[in-house]
Q: 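Structure below; questions to follow.
Chain letters run A, B, ... following the sequence lines, proteins first, then strands; residues in each count from 1.
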Number of protein chains: 2
Amino acid sequence: MTDRLDGSVRLEDVAKLAGVSLATASRALNGSTRRVRDDLRERVLDAAIALQYTANAHAQAVARGRSDVVGLLVHDIGDPFFSSIAAGVIQAADREGLLVTLASTGRDPARELQFVRALRGQRARAVIIAGSRVDEPAQMAQLAREVASYRAGGGRVAMISQNRLPVDTVMLENRASGKALAKALVGLGHRRFAVLAGPAELFTARDRLDGFRQGLTGAGVSLPARHIIRSDFTRDGGYEALQQVLDADLDVTCVVAVNDVMAVGAMAALRARGLRCPADLAVAGFDDIVTLRDVTPSLTTVRFPLEEMGSTALSLVVGAEGVRPRLHAVEGQVMIRESTPSLG
Amino acid sequence: MTDRLDGSVRLEDVAKLAGVSLATASRALNGSTRRVRDDLRERVLDAAIALQYTANAHAQAVARGRSDVVGLLVHDIGDPFFSSIAAGVIQAADREGLLVTLASTGRDPARELQFVRALRGQRARAVIIAGSRVDEPAQMAQLAREVASYRAGGGRVAMISQNRLPVDTVMLENRASGKALAKALVGLGHRRFAVLAGPAELFTARDRLDGFRQGLTGAGVSLPARHIIRSDFTRDGGYEALQQVLDADLDVTCVVAVNDVMAVGAMAALRARGLRCPADLAVAGFDDIVTLRDVTPSLTTVRFPLEEMGSTALSLVVGAEGVRPRLHAVEGQVMIRESTPSLG
DNA sequence: CTGTTAGCGCCTTCAG
DNA sequence: CTGAAGGCGCTAACAG
């Protein structure tokens with residue numbers, strides 16, 4: 001019962017109790033390629049259990065030169081979009097025996113930088129950066145630099161969002177999905193739209209809008225500039241944007257928000273004004289957030305397999321490194337539901 | 001440009017470039033109490049930047065005997081209840097300069113054990129265990145043992161849920177909140193209830209039910225045993241339980257689910273049967289999940305400040321250790337909304 | 001198959 | 001204030 005000040009038991013204690021050398025104890029306990037005679041192994045294992053021994057992962061990391069943690073960066077873990085992705089990452093990491101350390105950047109690119117640096121300090125085996133990039137070249141350049149030096153140290157990187165850095169990435173087909181949504185809505189008979197477009201600098205928001213507009217154009221439908229409302233990428237952003245739509249008295253039959261939480265905010269704003277969805281206005285979103293599948297009327301959206309995207313990102317980052325960055329494109333699936341009825 | 005195989009820069013490289021000793025470089029870079037002459041410090045800092053040096057956190061951890069990570073255990077990070085708590089923990093950890101490694105146990109007590117063990121291996125400074133305990137003495141005993149040996153090694157522990165282990169805990173006042181909800185609903189004129197009670201072994205579910213029942217009793221209202229429906233603690237559990245209520249043809253005016261996601265599932269089941277809430281049946285839940293605040297009709301619930309609970313737990317675990325476990329009780333706040341109209 | 005012995009990268013007394 | 005040297009706990013050659 002070696003009781004050191006910090007109370008933790010060292011491998012040496014185990015070895016001593018088992019009457020073997022440090023090396024043998026190490027080999028018996030922590031997966032080595034080398035074999036240990038059965039009776040010795042047995043004694044070591046027993047000693048370890050008796051002492052409640054747990055290897056010091058830090059010491060192992062410095063000795064082995066690598067660690068078993070991967071970092072995950074998200075914009076906001078409280079946002080269901082990211083918590084679903086996190087669930088996928090964690091589940092996959094678990095299967096690989098990896099621990100994930102999670103950082104929530106609060107959508108601040110500076111904190112993002114700071115965290116990949118911290119993760120580099122942790123010698124994390126890999127880092128996964130989830131969430132839309134922002135159109136600010138200076139920040140992208142800084143991130144690229146930090147990522148490069150992390151990779152130079154042997155770290156692996158994957159991104160979930162846009163394909164804008166030369167690393168493995170799980171890319172959302174935002175443009176294509178916007179286009180598909182437009183076609184579907186036009187197919188339902190809608191012709192006059194407004195878009196709650198989110199921040200102009202956010203690529204995800206922008207791509208969805210661009211795709212949507214392109215889809216409309218392809219169908220011979222136009223989207224006036226004043227029908228594009230900017231606001232935050234959040235529930236409250238959707239709420240405010242819809243108020244603007246109403247206040248500007250835009251003559252539309254359908255409003256599409258660039259994500260589900262905005263769409264739900266928009267629906268709330270409608271109700272607050274005494275209007276009803278879809279009777280007075282149809283609403284659609286993107287993502288198919290699980291928790292939102294039971295809102296009424298049920299929300300038309302473009303589904304992305306968020307959890308799966310998380311586990312895909314992890315697999316990208318544990319597998320053998322490719323010669324060139326791999327790109328895993330994920331298509332969205334249009335889900336027509338009650339919030340956008342046919343205008344037939 | 002000392003280019004070692006693993007590409008990472010060591011403190012020695014920085015020292016060499018700055019023309020100082022290892023010790024001086026260490027003191028200049030990583031917060032030491034000792035001061036370094038300004039010009040030398042300057043040179044070291046410059047060298048560090050030039051080389052993109054980042055201290056190896058593992059080496060620091062083994063040298064210092066402590067690390068800067070805290071572990072967070074949740075049942076399911078995809079569940080908004082836990083992602084809100086996680087958001088609070090992470091935000092508070094961030095303020096303390098701590099990194100959070102997150103484990104999602106999938107509600108499996110065995111994995112929970114395994115993770116606190118892993119976190120012990122990481123020499124995590126603290127671990128926060130969130131989520132209801134289960135009434136299985138054997139498992140509680142094992143967890144208690146693992147926790148004890150983690151604490152013996154100097155680790156700090158906090159729990160978010162019940163006060164059932166001798167550690168700092170953020171305790172939800174589930175009984176009291178159930179009672180308060182009962183009183184409020186009775187005050188609205190309801191007398192005949194059914195409870196979607198979740199699993200019997202889950203303390204959170206059980207305490208909410210018990211409190212609710214107690215509140216009814218205090219108001220002279222009874223709750224027949226067959227009005228208590230067991231099911232999973234999930235959206236689907238709520239859905240199925242409500243079907244049972246309907247199939248059993250229970251004559252009730254109000255159904256209360258032991259959490260919000262179950263309540264939403266119940267509302268969905270109602271709609272699926274062509275019934276309406278609250279016209280045909282009132283529904284209430286617990287938690288006040290953010291994402292669910294825009295469902296219609298808006299859901300009566302008992303609000304718990306989830307994020308705040310997360311940050312409280314973190315603060316418990318970083319502050320000075322108390323002589324005895326501290327208990328931080330959190331009261332729920334009854335929020336009457338549209339789903340439970342007055343029967344006046 | 002086992003034990004001895006260098007490291008891994010950093011911190012921190014201990015001399016100077 | 002600075003530098004040399006030992007130690008943190010573990011792994012991985014290297015001998016035996």
Q: Do the side chains of R133(A) and E112(A) get close enough for a salt bridge, i.e. N-O under 4.0 angstrom?
A: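 Answer for the salt bridge query: yes.
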
Q: Ignoring backbone atoms, test whether T24(B) places a side-chain nitrogen or oxygen under 4.0 Å from the OP1 or OP2 oxygen of dT2(D).
A: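 False: T24(B) side-chain N/O out of range (4.0 Å or more) of dT2(D) OP1/OP2.
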
Q: Between dG9(D) and R123(B), counting only base atoms on the nucleotide and side-chain atoms on the residue, is there a donor-acceptor pair under 3.5 Å?
A: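 Answer is no: no donor-acceptor pair is held.
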
Q: What nucleotide, of dC10(D), dG3(C), dC10(C), holds the atom closest to the side chain of L11(A)?
A: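 Nearest nucleotide to the side chain: dC10(D).
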
Q: Take the protein atom CD of E12(B) and the nucleotide atom C1' of dC11(C), then report the distance between them rounded to whole Å.
A: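 Checked: the CD to C1' distance equals 15 Å.
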
Q: Within less than 4.0 Å of OP1 or OP2 of dT2(C), is there a side-chain N or O belonging to S21(A)?
A: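 Result: no.
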
Q: Nearest whole angstrom, please: distance from the P of dA12(D) to the CG of L29(A).
A: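 Distance check: L29(A) CG to dA12(D) P gives 14 Å.
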
Q: Rounded to whole Å, how long is the line connecting atom NE2 of H58(B) with atom C1' of dG9(D)?
A: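 Going from NE2 in H58(B) over to C1' in dG9(D) covers 14 Å.
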
Q: Roughly how many Å is it from CG in D38(A) to C1' in dT2(C), rounded to a whole number?
A: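 It is 15 Å, rounded to the nearest whole Å.
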
Q: Given atom CG of N56(A) and atom C1' of dT11(D), what is their separation to the nearest angstrom?
A: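 The answer, rounded to whole Å, is 13 Å.
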
Q: Using OP1 and OP2 only, check whether a side-chain N or O of Y53(B) sits under 4.0 Å from dG9(C).
A: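 Looking at the OP1 and OP2 atoms of dG9(C), neither is under 4.0 Å from any side-chain N or O of Y53(B).
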
Q: So A55(B), base contact, sugar-phosphate only, or nothing? Heavy-atom distance under 4.0 Å.
A: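 Result for A55(B) = sugar-phosphate.
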
Q: Rounding to an integer number of Å, can you tell me how far R66(B) CZ sits from dT12(C) P?
A: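 Roughly 8 Å, once rounded to whole Å.
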
Q: Regarding R120(B) and E146(B), does a basic nitrogen lie under 4.0 Å from an acidic carboxylate oxygen?
A: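 So R120(B) pairs with E146(B) through a salt bridge.
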
Q: Ignoring backbone atoms, establish whether R37(B) has a side-chain N or O less than 4.0 Å from OP1 or OP2 of dC1(D).
A: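 So the side chain of R37(B) is outside the cut-off, no N or O lying under 4.0 Å from OP1 or OP2 of dC1(D).
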
Q: Checking S315(B) against T312(B): is there a side-chain donor and acceptor pair closer than 3.5 Å?
A: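 Not at all, the side chains of T312(B) and S315(B) share no donor-acceptor pair under 3.5 Å.
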
Q: Are E42(A) and R37(A) ion-paired here, with the side-chain N under 4.0 Å from a carboxylate O?
A: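 Answer for the salt bridge query: no.
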
Q: Nearest-Å distance, CG (D13(B)) to P (dG9(C))?
A: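 From D13(B) CG to dG9(C) P: 9 Å.
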
Q: Within the structure, does a side-chain N or O atom of R64(A) lie under 4.0 Å from either OP1 or OP2 of dT11(D)?
A: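 Yes, R64(A) has a side-chain N/O under 4.0 Å of OP1/OP2 on dT11(D).
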
Q: Closest approach to the side chain of V62(B), judged atom by atom: which nucleotide of dC8(C), dC10(C), dC8(D) is it?
A: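 So the side chain of V62(B) is nearest to dC8(D).
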
Q: Mapping V20(B) and A59(B) to their closest nucleotides on DNA chain D, which lands nearer the 5' end?
A: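 Looking at the nearest nucleotide for each, V20(B) comes out on the 5' side.
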
Q: Check this one for me: any side-chain N or O of Q60(A) less than 4.0 Å away from OP1 or OP2 of dC10(D)?
A: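 Negative; the distance criterion is not met.
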
Q: Whole angstrom is fine here: how far is it from CZ in R27(B) over to P in dT12(C)?
A: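 After rounding, the gap between these two atoms is 10 Å.
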
Q: Heavy atoms under 4.0 Å, any strand shown: does L40(B) hit a base, just sugar-phosphate, or nothing?
A: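 Sugar-phosphate, no base atom in range.
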
Q: Tell me which one of L314(B), V100(B), I160(B), V127(B) satisfies side chain to side chain contact (heavy atoms under 4.5 Å, CB included) with L72(B).
A: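 Only one of L314(B), V100(B), I160(B), V127(B) forms a side chain to side chain contact (heavy atoms under 4.5 Å, CB included) with L72(B), namely V100(B).
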
